[in-house]
Every structure is written in C-alpha cells, then in structure tokens.
Colleague: 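Take a look at this one; I'll ask things after.
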Amino acid sequence: MLYTPITKLALRICFDAHKDQVDKSGLPYVFHPFHLAEQMKTEHEVCVALLHDIMEDTDLTSRDLIEAGIPETYVATCKLMTHAPGVPYLDYVRALKDDPVARKVKIADLLHNSDLSRLNGEPTASDLARREKYQMALDLLK
C-alpha cells in the first residue's frame, strides 16, 4: 500500500467508520478494505479501496469525506462504488466499469467477496448464489 498524507487520512476514516462492524464470519470488517488497499498502486486507488463502502455501510456522506480532506475526484469515484437502493446490481456494475479506478477496486472487491474460505463452515445456497452474481459482475468488468 502507498502511504501518503491522504492515504493515511483515508485509513483513519476507514478504521473509525468500520471499527465496530464485522463481516459474515465475525471478523472485523476493516480487514476487507485494508486487504483491497494493499493491492492498489496509486493514491487514488488506495483511497477508493479504503473508502469504497463508506457511503453504503456507514452514516458518512460524500460531503463528510470532502470536508475531512479527501479529494473530490476520489470521492466521486467512491460515489460510483456505492450501490444505491433500487438500482439492479448489474446496472450498478455497468455504471462504474468505464472508470479505471472504480473498475480496478471493484474487481478486487468482487474477488475477495467471492472467496468462500472467508466464511465459517460450509457455504449456504445463498452464499453460492451471491458468488454466482459476483462472477457475472466480474465477467462484465473484464
């Protein structure tokens, strides 16, 4: 991961926003955006990886991120990464695919979320269906 003043700010925002959340297996949720950020090369990519679920899964808004010091262009990419209620999933994925940073982060996100070894026990039918949906999204992005 690249460490700049802005990525360090994004790390703090990510941690503070997700610190009390857990993933489907009960692990701290922040491990997920940290894992994605470790795969990124540019400041923009690292920040989006860290903040990609902020507006969807916390009370923080795009305005909050900008006021905290995250560049508006990075926040705009995070907005693309935010799946709005009522928007069909594959339409949401199609809408972000032409943005190179959103696309790169989303591919990493889908691959990590498709890893069934992250779950406790045997995958359920719901887990398998979710992985299939993510595979369709990956096919759209690649």
Side-chain angles (χ1 to χ4, degrees), residues 1-97 99 101-142:
M1 181 172 7
L2 179 68
Y3 291 94
T4 68
I6 297 296
T7 61
K8 289 176 186 177
L9 173 63
L11 271 165
R12 284 191 289 278
I13 292 169
C14 175
F15 180 79
D16 289 342
H18 293 299
K19 69 181 175 205
D20 296 323
Q21 296 175 340
V22 295
D23 67 13
K24 291 183 185 339
S25 66
L27 292 173
Y29 180 80
V30 296
F31 294 168
H32 171 65
F34 289 1
H35 175 76
L36 301 187
E38 286 290 341
Q39 300 171 59
M40 302 299 138
K41 302 290 184 221
T42 69
E43 183 181 82
H44 191 166
E45 292 168 357
V46 170
C47 288
V48 172
L50 290 167
L51 303 173
H52 77 279
D53 280 335
I54 289 287
M55 291 180 276
E56 193 171 321
D57 295 339
T58 77
D59 292 333
L60 293 176
T61 66
S62 58
R63 176 67 29 215
D64 294 329
L65 294 176
I66 291 166
E67 288 175 1
I70 301 297
E72 288 187 33
T73 54
Y74 299 6
V75 175
T77 308
C78 290
K79 286 170 108 173
L80 283 175
M81 299 287 300
T82 303
H83 183 193
V87 175
Y89 187 75
L90 292 179
D91 290 347
Y92 147 72
V93 173
R94 278 185 200 93
L96 67 79
K97 79 177 194 170
D99 182 289
V101 174
R103 182 182 193 160
K104 182 175 182 177
V105 174
K106 189 62 184 175
I107 288 170
D109 181 44
L110 289 164
L111 290 171
H112 196 226
N113 286 337
S114 296
D115 181 355
L116 297 178
S117 71
R118 292 177 60 209
L119 302 173
N120 295 328
E122 291 298 313
T124 65
S126 176
D127 296 328
L128 296 173
R130 187 175 53 256
R131 185 176 67 175
E132 186 174 313
K133 176 177 82 171
Y134 291 164
Q135 185 58 55
M136 287 189 287
L138 281 166
D139 291 344
L140 262 173
L141 294 173
K142 290 186 175 183

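Because only heavy atoms are used, hydrogens play no part in the values below, and waters and symmetry mates are left out as well, while side chains stay in.
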Colleague: Tell me, yes or no, whether the heavy-atom count around E67 atom CD, taken from other residues, nucleotides or ligands under 6.0 Å, exceeds 12.
Modeller: yes
Colleague: Where do L2 and V46 come nearest, in terms of heavy atoms and distance?
Modeller: N-CG2, 4.0 Å
Colleague: With a 3.5 Å distance limit and no angle check, can you tell me whether Q135 reaches the backbone of R131 through a side-chain donor-acceptor pair?
Modeller: no
Colleague: Please round to the nearest 0.5 Å and tell me the distance separating atom CG of L111 and atom CD of Q39.
Modeller: 8.0 Å
Colleague: Would you check, one step at a time, whether the test side-chain contact (heavy atoms from CB on, under 4.5 Å) holds for L36 with V48?
Modeller: CA-CA 9 Å; L36 301 187; V48 172; over 6 Å; no
Colleague: Give a yes or no on whether the backbone of M136 and the side-chain of D139 come within a donor-acceptor separation of less than 3.5 Å.
Modeller: no
Colleague: Can you measure from CG (L11) to NZ (K8) and round to the nearest 0.5 angstrom?
Modeller: 9.5 Å
Colleague: Between P33 and A49, which heavy-atom pair has the shortest distance, and what is it?
Modeller: CB-O, 3.5 Å
Colleague: Rounded to the nearest 0.5 Å, what's the gap from CG on L90 to NZ on K97? Could you check?
Modeller: 11.0 Å
Colleague: Restricting to non-hydrogen atoms, name the atom on Y92 and the atom on M81 that form the minimum distance, rounded to 0.1 Å.
Modeller: OH-O, 2.7 Å
Colleague: Between Y74 and H44, what is the ring plane arrangement, given parallel below 30°, perpendicular above 60°, and tilted in between?
Modeller: parallel
Colleague: Would you indicate whether the side-chain heavy atoms of V22 and L27 approach each other to under 4.5 Å?
Modeller: no
Colleague: What is the distance from atom CG of D91 to atom CG of L96, rounded to the nearest 0.5 Å?
Modeller: 11.5 Å
Colleague: Tell me, with the steps shown, if C78 and M55 meet side-chain contact (heavy atoms from CB on, under 4.5 Å).
Modeller: CA-CA 8 Å; C78 290; M55 291 180 276; 3.5 Å; yes
Colleague: So that I can tick it off, tell me whether D115 and R118 are bridged by a salt bridge, with the cut-off set at under 4.0 angstrom between side-chain N and carboxylate O.
Modeller: no
Colleague: Do R130 and K24 have side chains that get closer than 4.5 Å, going by heavy atoms?
Modeller: yes
Colleague: Does D127 use its side chain to pair, donor to acceptor, with the backbone of T124 at less than 3.5 Å?
Modeller: yes
Colleague: Working to the nearest 0.5 Å, report the span between OG of S25 and CG of N120.
Modeller: 5.0 Å
Colleague: In Å and rounded to the nearest 0.5 Å, what is the SG to CG distance from C47 to L65?
Modeller: 10.0 Å
Colleague: Evaluate the side-chain proximity of R63 to V75: yes if any heavy-atom separation is below 4.5 Å, no if none is.
Modeller: no
Colleague: Do L141 and L110 come within less than 4.5 Å of each other through their side chains, counting heavy atoms only?
Modeller: yes
Colleague: Restricting to non-hydrogen atoms, name the atom on G69 and the atom on I6 that form the minimum distance, rounded to 0.1 Å.
Modeller: O-CD1, 3.6 Å
Colleague: Taking C-beta and beyond as the side chain, do I13 and L50 meet within less than 4.5 Å on heavy atoms?
Modeller: no
Colleague: Locate the shortest heavy-atom distance separating C14 from I54; write the atom from each residue and the value.
Modeller: CA-CD1, 4.2 Å
Colleague: With a 3.5 Å distance limit and no angle check, can you tell me whether D23 reaches the backbone of G26 through a side-chain donor-acceptor pair?
Modeller: yes
Colleague: At their closest point, which heavy atom of Q21 faces which heavy atom of D57, and how far apart are they?
Modeller: NE2-O, 2.8 Å
Colleague: Quick one: does any side-chain atom of T7 pair with a main-chain N or O of T4 as donor and acceptor, under 3.5 Å?
Modeller: yes
Colleague: So K104 and K41, do their side chains get closer than 4.5 Å, heavy atoms only?
Modeller: yes
Colleague: What residues form a ring-ring contact (aromatic ring centres under 6.0 Å, His included) with H35, not counting sequence neighbours?
Modeller: H112
Colleague: With a distance cut-off below 6.0 Å to the six-membered ring centre and an angular limit of 45° from the axis, does K133 pair with Y89 as a cation-pi contact?
Modeller: yes
Colleague: Find out whether D53 and H32 are in side-chain contact, i.e. whether some heavy atom of one side chain is under 4.5 Å from a heavy atom of the other.
Modeller: yes
